[in-house]
Amino acid sequence: MTADPALIEGFVVASESLSPDVRRVVVSTSAPYPFRAGQHVALRFEGEGPLDSYYSYASAARTEAPYEFELAVGRGTGERPPEVPIGARIVISSPRGAGMLERIPPARSLLLVATGTGVAPLRALIEEAHRLEVAVPVRLLHGCRTEADRLFAAQFEALAERGWLGYFPVLSRPSAGWRGLVGHVQDHLARVLVDRPVCAVCGSMTMVEDVTRLLLEQGVDAVDIFAEGY
C-alpha cells in the first residue's frame, strides 16, 4: 500500500474489450471512494512509474460496497490497448476536477455530444442523472467510426427503449448494412438541438471546437456549454 495518504490502492476486478481500440476496466477499492461524474483520476498501473495516466470516470460512483468505478482505457496511435489483467494493482489519486451535474441548472434538458472515448465521462453523467431520477430530457449524440466502436451501446439502447435517453450514434465508416446516422456529429447537431439545452461536449479537439461554435451560432449561451477536448 502506498505511504502517501492522498493516494489509495485499488485492484482490477474486470477487464474486457469494449471495441477493437478500447477496454472496459473495473477498479475496486477497499473503502468508499466518492466522486462525481465529470471528475477524473490520476493513476498508475502495476509496474509503471509516476502517476501520469489520467482518465475520466466512466461510471457513476457506487454508494455501497463493493466500491468500484469503471474506466474506458484506449490505445495510443498504432498501439493496442493495454491488457490490464484482472488482479493488477493500481495506485489511485483522489478525484480531481469538478463534477458536472451540480453545475447544471434544474429543469433544463441535457444535450451530450461525444466522439470516441469522450463518451466515458458522459456515460458517468448519464448514470448519475438516472440514479438521481433527474426528470429532464437527455440526448446523446456519439460519433464513432464503425458499429464495433459504439462504446456502451447496449446500455444506451436499453435506456432509449425505456424512453429515458435519446441515443443517436453517428458512424463515419459504417458497414453496408448500417441504417443509422452517417458522417460526423457536427452534421447532425440540428437533429438534437431543441429546448435550449445545457450541453456537455467531449472528444477530439476538432469536434469540440466545431460543435461549440455551432452551438453558439444557434443561440446557446456560452455558460451553458461544458466542453473538453483532447
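Atoms considered below: every heavy atom in the structure, side chains included; atoms not considered: hydrogens, waters and symmetry mates.
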Asks: Only pairs at least two apart or in different chains count here, so list each salt bridge (Lys or Arg N to Asp or Glu O under 4.0 Å) that has a residue in residues 218-230.
Replies: R108-D224
Asks: Can you tell me if E9 and S30 form a side-chain donor-acceptor pair at under 3.5 Å?
Replies: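 No, because no side-chain N or O of E9 sits under 3.5 Å from a partner of the opposite role on S30.
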Asks: Within a 6.0 Å radius of atom CD on E102, are there more than 12 heavy atoms belonging to other residues, nucleotides or ligands?
Replies: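 For E102, atom CD is crowded (more than 12 foreign heavy atoms under 6.0 Å).
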Asks: Do Y54 and Y230 have a side chain donor and acceptor closer than 3.5 Å?
Replies: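 No, no side-chain donor-acceptor pair sits under 3.5 Å.
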Asks: Could you list the residues that satisfy ring-ring contact (aromatic ring centres under 6.0 Å, His included) with F156, not counting sequence neighbours?
Replies: Y167
Asks: May I have all residue pairs that pass ring pair (Phe, Tyr, Trp, His ring centres under 6.0 Å) and include part of residues 112-153, sequence neighbours excluded?
Replies: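 Non-adjacent pairs meeting ring pair (Phe, Tyr, Trp, His ring centres under 6.0 Å): H130-W164.
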Asks: Not counting sequence neighbours, list each pair that qualifies as a salt bridge (Lys or Arg N to Asp or Glu O under 4.0 Å) and has a residue in residues 112-122.
Replies: none
Asks: Salt bridge between R36 and E128, side-chain N to carboxylate O under 4.0 Å?
Replies: yes
Asks: Tell me whether F226 is reachable from V113 by hopping between hydrophobic residues (I, L, V, M, F, W, Y) whose side-chain heavy atoms are closer than 4.5 Å.
Replies: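 They do not share one cluster, since no chain of ILVMFWY contacts under 4.5 Å joins V113 to F226.
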Asks: Is E157 salt-bridged to R150, going by a charged N under 4.0 Å from an acidic O?
Replies: yes
Asks: Within the 4.5 Å heavy-atom criterion, are L111 and V201 side-chain neighbours or not?
Replies: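 When only atoms from C-beta onward are counted, V201 and L111 do not touch, as no gap falls below 4.5 Å.
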Asks: Give me each pair satisfying salt bridge (Lys or Arg N to Asp or Glu O under 4.0 Å) with a member in residues 195-213, each pair once, sequence neighbours excluded.
Replies: D210-R213, R213-E217
Asks: Does anything in residues 58-70 form a salt bridge (Lys or Arg N to Asp or Glu O under 4.0 Å)? List the pairs, not counting sequence neighbours.
Replies: R24-E70, E70-R123
